[in-house]
Amino acid sequence: MDLSLMNKEQKKAIQSTEGPLLIMAGAGSGKTRVLTHRVAYLLEDRDVPARNILAITFTNKAAREMRERVSALITEGTQDMWISTFHSMCVRILRSNINHLGYENSFSILDPTDQKSVVKDILKRRNLDPKQHNPRNIIGFISDKKNQLIRPEQSIAEAAAYPDTLYSEMYHDYQQILYRNSALDFDDLIMLTIELFDKEPKVLEYYQNRFQYIHVDEYQDTNHAQYRLITQLAAKYRNICVVGDSDQSIYKFRGADIANILNFEDDYPEAVVIKLEQNYRSSKNILDAANAVIENNTERKPKALRTARDGGPKLQNIVADSERGEAEEVVGNILDLAKKYSHSEMAILYRTNAQSRAMEDTFVKSNIPYKMVGGIKFYDRKEIKDLMSYLKVVLNPNDDISFERIINTPKRGIGPKTVDKLKAHGQATGISIFEGIKESDFIGIPKTAVVKLMGLVDLLEKLAQKSKFITITELVDEVLESTGYIEVLESEKTIEARSRIENLDEFKTVTREFDRDNEISDELLFAFLSDMALVSDQDGIEDDSGVTMMTMHASKGLEFKVVFIVGLEEGIFPSRRVIYDDKELEEERRLMYVALTRAEDHLFLSRANSRMIFGKTESNMQSRFLSEIPEELVEGGGAFAQDDFSSTGSAPKKRTPKRSRVVTNNSGVSFAIGDKVSHKKFGDGIISAIKGEGDSQELDIIFTKVGVKRLLANFAPIEKKE
DNA sequence: CGGCAAAAAGGCATT
DNA sequence: CTTTTTGCCG
């Protein structure tokens, strides 16, 4: 293995193959190169069989790329090596072993929509009001428990007070329903694998022996369950290599525990620790800005990235009037830069997917090619979900959740009454809807409905038999035709129906690709469905040309020559909900750090003086993260000072001077964002945002004593200070 | 039972 | 502003 291009630390990381190893890899420090070379080194120089290596990545796309890059380095095959995400790995393990836990090996994987409908069902059955108990919160509660490996029984026992007591009961219901359906949600994939290993030591030992060398990427974003799983697998050989950067931990909201990486040396006292602090990606100005921002976090181990790339262009500041103006400025700069860079070397990063709309509109108008990551989810479309539900039922007829979706789709005269009866029957006897239909003659369902139900069961059973001998594409065609789904759409002749048909055709390009890579077998349908369930938004990014638009979260691990970070306003980024929570604010700052360090050459920082949010115009102060960037790194210097609304350096000339939004109240006094005011009751404060129009304009004011208040501009008893 | 229109609700980041 | 739910009528 040729390691001559590696620095000292990188070499050490690659060659320290035995025992626990922690690689603290700063942004752009060549982490992926180190990982791929390390794996290649194991295979070629240490003669470790491919089947004894496991590498866990954050996305399926990263897994694919890693396999390709390792294959390019060596002559041996990499087929037997497991490179996958936590979830894909668990699906694979459970597929062969979950019967030990009483589930069917042809289990279904629930998507978030399915989860929601299960919870809604539970609420209905318990006669609870979904307004009082938001299904989202309940799903969140259940997910938290599962990430902490707390089973329903334990959750009930530990619940101290309402609503935890109630939610624990509902968690119990939920888990029972899933079990009866042989359905697993995403969190179950991890939790049940651990449970399997606890219950069946022989199975665990098999995988311990199999995975003698374990690698985990993005270790700072693992949750407790994932941590436990890795601990179990690595317990025998202790060849565990984890890579991460605590400054890039951005998934706490879904259970990631930064302690996993911080405590690694306690878990493995013999661990070797290597720091990669040499950055190969960004120019000095960009890196200095990122370092300056992240230093504002108090809860971190000091660390400073170095770069060999001197200077580079300064950061550029964009201030626009509206979100539309912001998009236009971004487009203007892209047109300028297009001489030097290809579109695919540029990216636009935002905090939330909702912000993409204005960007997208402007891009369409100006004819710049772009690709969006996430957001509009292809697989969330009704017709795709219907089709997937058919496939899920063909594989696992006991999946009531999917079965309910298709029992009357397309319309075949089976109404809610009939479905209710089947469900009630199922609950009483413990059998699935599918099985219940066979007894439907006896539970008070009208004869006509019974005939239709029988026809459906017959159809599904035929499809299930066929599915073992045909490709997925053929199966999809069978489903669409034999159910009459396509026929109904074709007869509709509306634009909408037409686009649905197009989407289904589009779906078949996915199945064709899958069929090309996979042989026909009993496993085929299961493999297809679990692949589909686990595709993430980030997996959609392919190399084709066009400017990339995505959330900052989705940008982790990627790099671009030119990066625009847009919507840098208080309340947008950092998000309104975290501004008064120091812990969460630090996570938000880490997200800023991730976004900044994506850029190699050019970095634009953009905000708008006002924008539409939920149908209302809002004005927000500039993001505090902007003020944390030293002035001298920015084009024109001092561009981020609070009162400066000057425009950027090299953008199109047509811009008009920008002015902050001003409100005049009934007494004729004007207020602007950033003004210091004094309130009769709340004391001193500063105006952070102006929203709404006309008489209903509101001010968000941060008071020193009582925190943030939203007041009507016209009537608030406030006076301007200074 | 099915279809349409009006009303209401929800609204971050994701495997 | 969008998406989902509800309610009414043929």
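Values in this document were obtained by computation on a predicted structure and should not be read as measured data. Side chains included, hydrogens not; waters and symmetry mates left out as well; all remaining heavy atoms used. In what follows, chains are A, B, ... by sequence order, proteins preceding strands, each numbered from 1.
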Side chain of A/R136 only, heavy atoms from C-beta on: which candidate in B/dC1, B/dG11, B/dA13 is closest?
B/dG11
For the pair A/F186 and A/H87, name the ring-plane relationship: parallel under 30°, tilted 30 to 60°, perpendicular over 60°.
perpendicular
Option among A/N60, A/D531, A/T57 that satisfies the side-chain hydrogen bond (donor to acceptor under 3.5 Å, both in side chains) test with A/S88
A/N60
May I ask you to say what A/R351 touches in the nucleic acid, namely base, sugar-phosphate or nothing, with a heavy-atom cut-off under 4.0 Å?
base
Could you tell me the Watson-Crick or G-U partner of B/dC4, where both distances fall under 3.5 Å? Say none if there is no partner.
C/dG7
Using 4.0 Å as the upper bound for N to carboxylate O, is an ion pair formed by A/R576 and A/E570?
no
How are the rings of A/Y251 and A/F58 set relative to one another: parallel (under 30°), tilted (30 to 60°) or perpendicular (over 60°)?
tilted
Please determine if A/E588 and A/R351 form a salt bridge, counting it only when a charged side-chain N lies under 4.0 Å from a carboxylate O.
yes
Of the listed B/dT14, B/dT15, B/dG2, the closest approach to the A/T85 side chain comes from B/dT15
Using the P atom as the point on both nucleotides, what is the distance between C/dT6 and B/dG11, in whole Å?
16 Å
Given that both distances must come in under 3.5 Å, which nucleotide forms a Watson-Crick or G-U wobble pair with B/dA13?
none
Could you check A/F186 against A/N134 and say which one's nearest nucleotide on DNA chain B is further toward the 5' end?
A/N134
Between B/dC1, B/dG3, B/dT15, which one does the side chain of A/T418 approach most closely?
B/dC1
Contact under 4.0 Å: A/K252 side-chain N or O vs B/dA13 OP1/OP2:
no
Can you measure A/L453 atom CG to B/dC1 atom P for me and round it to whole angstrom units?
11 Å
Would you check if A/V563 and A/F560 make a side-chain contact, meaning some heavy-atom pair closer than 4.5 Å?
yes
Rounded to whole Å, please give me the gap between CD1 in A/I414 and C1' in B/dG2.
14 Å
Could you go through nucleotides 2-4 of chain C and list every protein N or O atom that sits under 3.5 Å from one of its N or O atoms, giving the distance for each pair?
none

Short side-chain N/O contact from A/T551 to OP1 or OP2 of B/dT14, under 4.0 Å:
yes
Which nucleotide in B/dT15, B/dA13, B/dG2 has an atom nearest any side-chain atom of A/K411
B/dG2
According to the 5.5 Å centroid and 30° plane-angle thresholds, does A/Y251 stack upon the nucleobase of B/dA13?
no
Would A/K365 and A/E328 pass as an ion pair if we require N to O under 4.0 Å?
no
Which part of the nucleic acid, if any, lies within contact of A/N408, taking any heavy atom under 4.0 Å across all strands shown: a base, the sugar-phosphate backbone alone, or nothing?
sugar-phosphate
Could you tell me how far apart A/H553 (NE2) and B/dA13 (C1') are, to the nearest whole angstrom?
4 Å
